[in-house]
2 protein chains.
Amino acid sequence: MRSDERRELILQAATDVFGKSGYVGTTTADVAKAAGVSQPYVVRLFGTKEQLFLDVINRALALLLAGFRSALDDTDSDVPLERRMGLAYVNQLNQHGLLLSLMHAFVLGREPVIGAAARHGFMAVYRFLRDEAGFDADQVQQFLAFGMLINTMIGLDMADEFEGDPDVREMMQCVFPEKLDMVRKLSAEQSA
Amino acid sequence: MRSDERRELILQAATDVFGKSGYVGTTTADVAKAAGVSQPYVVRLFGTKEQLFLDVINRALALLLAGFRSALDDTDSDVPLERRMGLAYVNQLNQHGLLLSLMHAFVLGREPVIGAAARHGFMAVYRFLRDEAGFDADQVQQFLAFGMLINTMIGLDMADEFEGDPDVREMMQCVFPEKLDMVRKLSAEQSA
DNA sequence: AGTCTAAGTAATCGTTCGATAACAACCGCC
DNA sequence: GGCGGTTGTTATCGAACGATTACTTAGACT
């Protein structure tokens with residue numbers, strides 16, 4: 001296999017594993033096993049584990065912004081822009097661990113290299129909302145806040161607790177008044 | 001010193017360190033150094049690093065709910081309840097790493113023990129908002145979403161990037177339209 | 001056929017970390 | 001004024017991890 005194809009496969013596997021266990025909690029052997037290659041090969045392709053994680057979150061941000069731009073360009077829809085953007089965000093749950101890897105990066109601001117990359121990525125999203133989506137300040141705040149809440153619910157793995165606990169069910173309905181079916185479906189796919 | 005006093009000192013130190021580096025990224029030696037004791041003593045007082053982290057987040061949740069209850073009982077104020085609750089949340093930034101340790105737990109839902117504790121803690125907050133604060137579904141969603149956004153901004157360490165980058169300044173003003181001064185002040189204390 | 005290069009692995013090394021064991025100092029108490 | 005329990009330390013062990021080295025295999029080109 002060509003090395004650039006192998007890189008992409010490893011990046012996909014690493015996105016899932018980093019999303020589940022975080023940056024420090026993920027070993028290069030975990031990534032290698034998920035990608036079906038040997039551990040030293042992962043290290044040789046990316047140099048260091050830190051560089052691998054940086055590549056993972058930069059790829060995740062590129063995919064996220066690409067999804068946003070698709071939603072933005074879908075002008076013949078009668079769905080309002082804010083809702084199209086929200087759906088584009090939730091659709092990223094198709095890629096297991098993509099939003100979660102970003103979230104892990106977002107709470108590591110004190111890590112010198114990763115923190116800087118995380119801040120830069122977050123600001124890229126902000127600039128997109130402001131400049132390309134044309135959101136005003138309140139729209140930006142609502143969008144970012146709800147996005148972080150989604151990330152937290154995914155990180156908590158709350159959907160798997162959905163069945164059985166009526167309080168959890170009620171909380172999820174309260175937090176996702178309409179997107180719940182989609183979130184549940186995507187979460188089920190994620191577990192499979 | 002009595003061991004229960006020492007335990008509290010270690011819990012405070014551990015809250016800061018776990019908040020900065022996360023659960024896996026923090027070593028028991030880091031906690032011991034921050035608390036001014038030896039590393040084996042930390043392990044002996046708490047059994048395992050996992051149990052120490054569980055104690056940290058349970059203490060953080062107890063303090064958080066206690067702050068909420070104080071805001072709830074402050075009925076002679078003319079400040080509306082939602083705002084009092086928001087201020088109570090932001091006031092938790094006085095304890096370095098308290099909200100951040102919780103956030104680290106919230107993204108580890110797949111960890112069997114920590115994930116279960118994190119979900120339980122999050123649900124305790126939800127039940128408080130619903131039963132004690134009397135929030136309706138929309139108020140709960142807004143409160144939780146904004147809280148997670150605050151946590152993310154703290155995790156990103158975005159306030160330290162405040163000076164210098166006009167986009168960061170603008171984003172922070174957009175996200176914290178009125179609480180910005182408080183957040184900045186508390187963040188400065190945190191760095192000191 | 002023979003050689004060069006890219007793709008990939010097995011073996012292993014040095015470090016770090018959580019935990020354990022053994023030991024030391026203080027303090028109340030009879 | 002020894003004695004037991006509590007508080008705390010130093011030394012160290014075994015496992016895990018990231019990284020390095022050396023080796024192997026498979027095409028591509030002449």
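It should be emphasised that the depicted structure is a prediction, and the values quoted were computed from it without experimental measurement. Order of the sequence lines sets the chain letters (A, B, ...), proteins ahead of strands, with each chain counted from 1. Computed from heavy atoms alone, side chains included, the values below leave out hydrogens, waters and symmetry copies.
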Side-chain donor or acceptor of Arg7(B) paired with backbone N/O of Leu45(B) under 3.5 Å: yes
Sub-4.0 Å heavy-atom contacts from residues 31-38 of chain A onto DNA chain C, ordered by number: Val37(A), Ser38(A)
Arg110(A): which of Asp16(B), Asp160(B), Asp157(B) passes salt bridge (charged side-chain N to carboxylate O under 4.0 Å, His left out): Asp157(B)
DNA chain D-proximal residues of residues 42-58 of chain A, any heavy atom under 4.0 Å: Thr48(A), Lys49(A)
Parallel, tilted or perpendicular, as decided by the 30° and 60° cut-offs, for the rings of Phe128(B) and Phe68(B): parallel
Contacts of Thr28(B) that satisfy side chain to side chain contact (heavy atoms under 4.5 Å, CB included) - sequence neighbours left out: Gln39(B), Val43(B), Lys49(B)
Span of DNA chain D, from the first to the last nucleotide whose atoms fall under 4.0 Å of chain A heavy atoms: dC17(D) to dT20(D)
For Ser70(B), side chain to side chain contact (heavy atoms under 4.5 Å, CB included) partners two or more places apart: none
Position toward the 5' end of DNA chain D (nearest nucleotide), Pro40(A) or Thr27(A): Thr27(A)
Donor-acceptor contact present, side-chain Gln139(B) to main-chain Asp136(B), <3.5 Å: yes
Pair Lys20(A) + Asp30(A), salt bridge at N-O below 4.0 Å: no
Chain A footprint on DNA chain C, 5' to 3' - any atom under 4.0 Å from a heavy atom: dA7(C) to dA11(C)
